[in-house]
**Student:** 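One structure, as structure tokens, below. Some questions next.
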Amino acid sequence: MQKDVKNLSTTYNAREVEKEIYKFWEDNEFFKANSQSDKPPFSIVIPPPNVTGILHMGHALDGTLQDILTRYKRMNGFETLWLPGCDHAGIATQNVVEKNLAKEGKTRHDIGREEFLKITWEWANSHKTKILDQFKTLGASFDLSRARFTLDEGCSKAVKKVFVDLYNKGLIYKGSYIVNWCPRCQSAISDIETEYETEQGHLWEISYPLKDEMGAIVIATTRPETMFGDVAVAVNPTDYKYKDLIGKKCVIPLTGREIPIIADEYVDKSFGTGALKITPAHDPNDFEVGRRHKLPFIKVIDEQGKMIARSEVHPELHGLDRYEARERTIRMLEAHQVLVKIDEHEHNVGKCQRCNTTIEPLLSEQWFVKMEPLAKAAIEKVKDGSIKFVPKRWEKNYLMWMENIRDWCISRQLWWGHQIPAYHHNETGEMVVALENPDPKNYTQETDVLDTWFSSGLWPFETMGWPDVNSPDFKKFYPTTTLITGFDIIFFWVARMITMGLEFTKVPPFSTVYIHGLIRDELGQKMSKSKGNTIDPVLSIEKYGCDAVRFTLASMCTYGGQDIKLSDEKFEFGRNFANKIWNASRFVLMNLENKDFELDLNNLSIADKWILNKLNKATYEIVENLENYRMGEVTNILYDFFWNSFCDWYVELSKIEKNESVLTFVLDRFLRLLHPFMPHLTEQIWQLMPIKKETPAIMLSSYPKYDEKFNFEEDSNAMELVFEAIRSIRNIRSSFNIAPSIKVNLKIQGEKELYKKVESYLKRLARAENIEYVENAEVKQSASTVVGNSKIIIPLAGLIDIKEEIQRQNKKLLKLNTEKESLSQRMMNEKFVKSAPLEVVQKTKARIEELSSEIEVIEGLIKSLS
RNA sequence: GGGCGGUUAGCUCAGUUGGUAGAGUAUCACAUUGACAUUGUGGGGGUCGCUGGUUCGAGUCCAGUACCGCCCACCA
């Protein structure tokens, strides 16, 4: 860590500093939470990144926001725990390991379950530190000593308990239902893991001959290959076209099996032919129809997506892939002249979220969680405000999903995951659901594992020692305070944590859910490796510095939680700010002479009062906005205060006349305010400051608070007036191209007392030479400006073109006149005067008076110029 | 089909009790006056998607409409 103020580089070397500072924090164990502390708790659990993953911008944003909040709360006197960890990511991880095996020409079946799990564990163990290490480069102040993994022993214990309890309560059941089957993953997946894509397909109309009489019924389908699994043809009961056919039988072409024609409300008369083939084993809607009518289920496609060799399926198709079977079926139907019509048809096809393979809906025996009873409390607790979403609109989204929730298919035919704690008797087949195998000799455990989200759904409490409710962490830090995540996993994760948390701990697992937008590329497209439009946060951090990346990301978080369009260059914003802070601080530090920086409120200049007043106001607004998760707003205030107030004015003024106690006070407070956003930079500078410190690190210091004793409203306003005068003079200089090296004289009419106090400021910042106070100024050969109640005249004989000055003044006059006119008109409107609030009317009146006097002065100026 | 978001300066976006529009960036001019060129100073640039309504007054509230994006549902 830099200790010597004299040799600081003129540009901020972010990475060098950041690595050292992070190490300093880590070595001192400043991130470690103490469950025995008396301080009030603040806890937050990380959305566990996949163990397969590498840090992406989404993590960077998510992590930044979590760290900002954690650091802010820590500085506010809370015992803070930010708990890190990884998700075992069932399918994703298994995919990776299987791919590696495939390179050796092997499949998981070749090596067997035990060996496969051994390899996968090795792989997971070697990778799980990687992503958390990358989080460290973000400056994450999480407690790594508490890092967890969703497949570790503790989680496994929690998962088993939850499963067994839910089973015993009748909320988990096993049964044959239509599920979303991924033929590539060789597993069932849940409804929300199925994504629908619009595809251009066909609508085939096929004629099913009637039995025992002439004629046929024409059905429409997008999947002719499933016709062999048909168990009925359904029509709408009110459809007069088919009225007479209901109850009769028809014959499936090609195989000649007889099926009934039934009536069901579900059928849409206007779609296709109005007649629908019912295939309960391969379509969720048909499944429902089949159940209503007590029809049989004939499965014709297997788990590989191949046609099953059974008598109902045409022998030519046995073993064929579903798509090939489709082609063959069509050709056969054509040959038999029962293919009536082919239409182009756009429809939605379900895809596996993980591998994008087209889902095969099929009948399968799986485990499900009955969600409806669990959802009740989860709905209630959000409705009654016990759990609050920020921004609020996500509540609606959550509630809509919860209120229409369907059962959750939790079993996966994978090897990597929590094995379902159900045991089957080797001979009788009897099933026992229990925490332990009742008798390993005679019982064999179910081979299916649980959906990854089943264990992630327990994350806030399984990581705190639950089911041991007396564990210190659970007692101190559960429930957690805030959850920070993106909207894309509200259903997958947030909703499940809420339901499970309420069911098993009786309290909401967190009180606030802060939802941020998603990171997108410059064109607003989702970032993905396959598109090649990703920005690697690790590289951005190397290039711009971690603090720069953090500050930039935070600045892009809007109140509405809009998605963030990002490009690498945007980080220049944060980098420039970091460099500005570095240099301004360097200046302050290099110019300190005193040893005692005690602030003396009775000995302040007008500029000191102004900056203290500004800082105090900024503090108030920053805290207010932080409490309301408006990170972008906070960064704006920090940036504006430091750059536009502190650097542009106060530091400049301090070159004329400096108050070291105010300089150090303001810098110290600003660094603390900024610390959650730019932790390393602020820590480094703070460590260099020769002030009295109550803590060994800024990250442990107290967060500034608004304090009324710094309200210097009147002096501040006067100071602002002076700044306006300086700006006006600079403006005049600029418009007449007066070189900085040329000094000007000023004649000031009015506000003598004020300007007398700040003469030195005017001299330096407006490059003024002599300042004269006059009663009635001669303006010939001069430029002038009106500021408040005073007039400033700059004699510029030889330097200006009078015509230009008249033009300049006229332009100003026009502006003022336009404003005055519109305001006057408003005042003439009786209704306005009557109905607008008194305050507004008075303000308008005052502004008109102000404008009038300014206009008068300028008119006088123009008159005397010409 | 249902729901949600967006449309404001060339670009990226702020603007939450309705009181005549802001930032960053880009651009133009000037400047190397010892914290900083990752800089300083000054300037130009917007009828706030469109139409109507409420109101003394609308970027802000209401209704409708167009376009872009997202989510849910899944009529085979």
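All heavy atoms count here, side chains included; hydrogens, waters and symmetry mates do not. Chain naming here is simple, since letters A, B, ... match the order of the sequence lines and numbering starts at 1 in each.
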**Student:** Given atom CG of Asn397(A) and atom P of rG5(B), what is their separation to the nearest angstrom?
**Tutor:**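 These atoms are roughly 10 Å apart.
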
**Student:** Using atom P in both nucleotides, what's the gap between rC67(B) and rC74(B) to the nearest angstrom?
**Tutor:**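 My reading of the P atoms in rC67(B) and rC74(B) gives 27 Å.
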
**Student:** So what does Asp268(A) touch, heavy atoms closer than 4.0 Å: a base, only the sugar-phosphate, or nothing?
**Tutor:** base

**Student:** Considering only side-chain heavy atoms of Phe832(A), which listed nucleotide, rA31(B), rG6(B), rC56(B), is closest?
**Tutor:**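 Looking only at side-chain atoms, Phe832(A) lies closest to rC56(B).
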
**Student:** rC56(B), rU38(B), rC13(B): which one has an atom nearest the side-chain heavy atoms of Thr558(A)?
**Tutor:**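 Within the option list, the nearest is rC13(B).
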
**Student:** Any cation-pi pair here, Arg575(A) with Tyr544(A), using under 6.0 Å and within 45°?
**Tutor:** no

**Student:** Might you work through the side chain to side chain donor-acceptor pair (under 3.5 Å) test for Glu805(A) and Gln809(A), ending with a clear yes or no?
**Tutor:** CA-CA 6 Å; Glu805(A) 171 63 4; Gln809(A) 297 290 7; 2.8 Å; yes

**Student:** Test your reading of the model: is there a side-chain donor-acceptor pair from Glu205(A) to the backbone of Val218(A), 3.5 Å cut-off?
**Tutor:**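 No; judged by distance alone, with no hydrogens or angles, the pair does not exist.
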
**Student:** Compare the minimum distances between each of rU39(B), rA35(B), rC71(B) and the side chain of Asn576(A), then state the nucleotide with the smallest one.
**Tutor:** rU39(B)

**Student:** Using the C1' atom as the reference point in each nucleotide, state the distance between rU32(B) and rA23(B) in Å, no decimals.
**Tutor:**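 Going atom to atom, C1' in each nucleotide, I get 28 Å.
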
**Student:** Does rC70(B) pair with anything, Watson-Crick or G-U wobble, both distances under 3.5 Å, and if so, with which nucleotide?
**Tutor:**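 Matched rC70(B) with rG3(B) under the 3.5 Å cut-off.
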
**Student:** Establish, yes or no, whether a centroid distance under 6.0 Å links the rings of Phe670(A) and Phe646(A).
**Tutor:** no

**Student:** For the side chain of Tyr559(A), counting heavy atoms from C-beta on, which of rG42(B), rU25(B), rU16(B) is nearest?
**Tutor:** rU16(B)

**Student:** Suppose we define a pair by two distances each less than 3.5 Å, Watson-Crick or G-U wobble; what does rA63(B) pair with here?
**Tutor:** rU51(B)

**Student:** Expressed in whole Å, how much space separates the P atoms belonging to rG42(B) and rG6(B)?
**Tutor:** 35 Å

**Student:** Could you tell me whether Glu819(A) contacts a base, only the sugar-phosphate backbone, or nothing, with contacts defined as non-hydrogen atoms closer than 4.0 Å?
**Tutor:**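 Base, at least one base heavy atom under 4.0 Å.
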
**Student:** Assuming nearest nucleotide by heavy-atom distance, tell me which of Arg406(A) and Asn731(A) is located more 5' along RNA chain B.
**Tutor:**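 Per heavy-atom nearest nucleotide, the more 5' residue is Asn731(A).
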
**Student:** Under 4.0 Å, counting only non-hydrogen atoms across every strand here, what does Lys655(A) touch: a base, just sugar-phosphate, or nothing?
**Tutor:** base

**Student:** Which part of the nucleic acid, if any, lies within reach of His202(A) when heavy atoms closer than 4.0 Å are counted: base, sugar-phosphate only, or nothing?
**Tutor:** nothing

**Student:** Can you tell me the pairing partner of rA35(B) across any strand shown, Watson-Crick or G-U wobble, with both distances under 3.5 angstrom?
**Tutor:** none

**Student:** Does Glu839(A) have more than 12 heavy atoms from other residues, nucleotides or ligands lying within 6.0 Å of its CD?
**Tutor:**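 Not buried by this count: 12 neighbours or fewer within 6.0 Å.
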
**Student:** Counting Watson-Crick and G-U wobble pairs only, both distances under 3.5 Å, name the nucleotide matched with rG57(B), or none.
**Tutor:**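 rG57(B) is unpaired by these criteria.
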
**Student:** Would you mind telling me which of rC36(B), rG24(B), rU20(B) lies closest to the side-chain atoms of Phe573(A)?
**Tutor:** rG24(B)

**Student:** So Thr221(A), base contact, sugar-phosphate only, or nothing? Heavy-atom distance under 4.0 Å.
**Tutor:** sugar-phosphate

**Student:** How long is the gap from CZ on Arg808(A) to CG on Asn731(A), to the nearest 0.5 Å?
**Tutor:**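 CG of Asn731(A) is found 6.0 Å from CZ of Arg808(A).
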
**Student:** Whether His345(A) contacts rA76(B) is assessed here as follows: a side-chain N or O lying under 4.0 Å from the phosphate OP1 or OP2. Is that the case?
**Tutor:**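 Indeed, a polar side-chain atom of His345(A) lies that close.
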
**Student:** Between Ala584(A) and Leu276(A), who's closer to the 5' end of RNA chain B by nearest nucleotide?
**Tutor:**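 By nearest-heavy-atom nucleotide position, the 5'-most residue is Ala584(A).
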
**Student:** Categorize Pro837(A) for me: base, sugar-phosphate, or nothing, with a 4.0 angstrom heavy-atom threshold over every strand shown.
**Tutor:** base

**Student:** So, for Phe389(A) and Trp394(A), is the gap between ring centers shorter than 6.0 Å?
**Tutor:** no

**Student:** How many Å lie between CZ on Arg733(A) and C1' on rG40(B), as a whole number?
**Tutor:** 14 Å

**Student:** What contact category does Arg393(A) fall into here, base, sugar-phosphate, or nothing, at under 4.0 angstrom with non-hydrogen atoms?
**Tutor:** sugar-phosphate

**Student:** How would you label the contact of Tyr12(A) with the nucleic acid (heavy atoms, under 4.0 Å): base, sugar-phosphate, or nothing?
**Tutor:**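 If one applies the 4.0 Å heavy-atom cut-off, Tyr12(A) turns out to touch nothing in the nucleic acid.
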
**Student:** Report yes if a donor N or O on one partner sits less than 3.5 Å from an acceptor N or O on the other, where the partners are the side chain of Glu652(A) and the base of rA35(B); otherwise report no.
**Tutor:**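 Checked by distance alone, the answer is yes.
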
**Student:** Across the strands shown, which category fits Lys565(A) at heavy-atom distances under 4.0 angstrom: base, sugar-phosphate, nothing?
**Tutor:** sugar-phosphate

**Student:** So what does Asn404(A) hit on the nucleic acid, given a heavy-atom distance under 4.0 Å: a base, only sugar-phosphate, or nothing?
**Tutor:**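 The answer is nothing, as Asn404(A) stays clear of every strand by at least 4.0 Å.
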
**Student:** Quick one: Phe487(A) CZ to rC72(B) P, roughly how many Å, whole number?
**Tutor:** 10 Å

**Student:** Using atom CZ of Phe723(A) as one end and atom P of rG42(B) as the other, report the distance to the nearest whole Å.
**Tutor:** 12 Å

**Student:** Pick the C1' atom in rC72(B) and in rG57(B), then give their distance to the nearest Å.
**Tutor:**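 Each nucleotide's C1' atom is 41 Å from the other's.
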
**Student:** Starting from P on rG3(B), measure out to CE on Met400(A) and report it in whole angstrom.
**Tutor:** 8 Å

**Student:** Provide the distance between the two C1' atoms, one in rG19(B) and one in rC70(B), to the nearest whole Å.
**Tutor:** 35 Å

**Student:** Using a 4.0 Å heavy-atom cut-off across all strands, classify Lys396(A) as base, sugar-phosphate, or nothing.
**Tutor:** sugar-phosphate

**Student:** Using ring centroids (six-membered ring only for Trp), state whether Tyr761(A) and Phe723(A) fall under 6.0 Å.
**Tutor:**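 Here the rings of Tyr761(A) and Phe723(A) have centres that are no less than 6.0 Å from each other.
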
**Student:** Can you say whether a donor on the side chain of Arg630(A) sits under 3.5 Å from an acceptor on the base of rU16(B), or the other way round?
**Tutor:** yes

**Student:** Find out whether the Lys NZ or Arg CZ of Arg326(A) is both under 6.0 angstrom from the six-membered ring centre of Trp204(A) and within 45° of the ring's axis.
**Tutor:**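 No, Arg326(A) does not lie over the aromatic ring of Trp204(A).
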
**Student:** Look at the side chain of Ser822(A) and the base of rU20(B), then say whether one donor and one acceptor between them are separated by less than 3.5 Å.
**Tutor:**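 When only heavy-atom distances are counted, Ser822(A) does reach the base of rU20(B) through a donor-acceptor pair under 3.5 Å.
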
**Student:** Between rC74(B) and Asn348(A), counting only base atoms on the nucleotide and side-chain atoms on the residue, is there a donor-acceptor pair under 3.5 Å?
**Tutor:** yes

**Student:** May I ask you to evaluate whether Trp643(A) reaches the phosphate of rA23(B), defined as a side-chain N or O under 4.0 Å from OP1 or OP2?
**Tutor:**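 Result: no.
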
**Student:** With heavy atoms under 4.0 Å as the rule, sort Gln562(A) into base, sugar-phosphate or nothing.
**Tutor:**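 The residue Gln562(A) makes sugar-phosphate contact but no base contact.
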
**Student:** Who is the Watson-Crick or G-U wobble partner of rA76(B), with both distances under 3.5 Å?
**Tutor:**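 Across all strands, not a single nucleotide pairs with rA76(B).
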
**Student:** What's the closest nucleotide to the side chain of Tyr639(A) if the choices are rA14(B), rG24(B), rU20(B)?
**Tutor:** rG24(B)

**Student:** In whole Å, what separates the P atom of rA29(B) from that of rG53(B)?
**Tutor:** 47 Å

**Student:** Both distances below 3.5 Å, Watson-Crick or wobble geometry, any strand: find the nucleotide opposite rA29(B).
**Tutor:**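 Checking every strand shown, rA29(B) finds its partner in rU41(B), with both distances under 3.5 Å.
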
**Student:** Return the pairing partner of rA21(B) with a 3.5 Å limit on both distances, Watson-Crick or G-U wobble; otherwise return none.
**Tutor:** none

**Student:** Can you tell me how far P in rU7(B) sits from the matching atom in rG49(B), rounded to whole Å?
**Tutor:**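 After rounding to an integer number of Å, I get 7 Å for this pair.
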
**Student:** At under 4.0 Å between heavy atoms, what does Arg223(A) touch on the DNA or RNA strands: base, sugar-phosphate, or nothing?
**Tutor:**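 Nothing, no nucleic acid heavy atom in range.
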
**Student:** Taking the P atom in each of rG5(B) and rU16(B), what is the distance between them to the nearest angstrom?
**Tutor:**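 Each nucleotide's P atom is 15 Å from the other's.
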
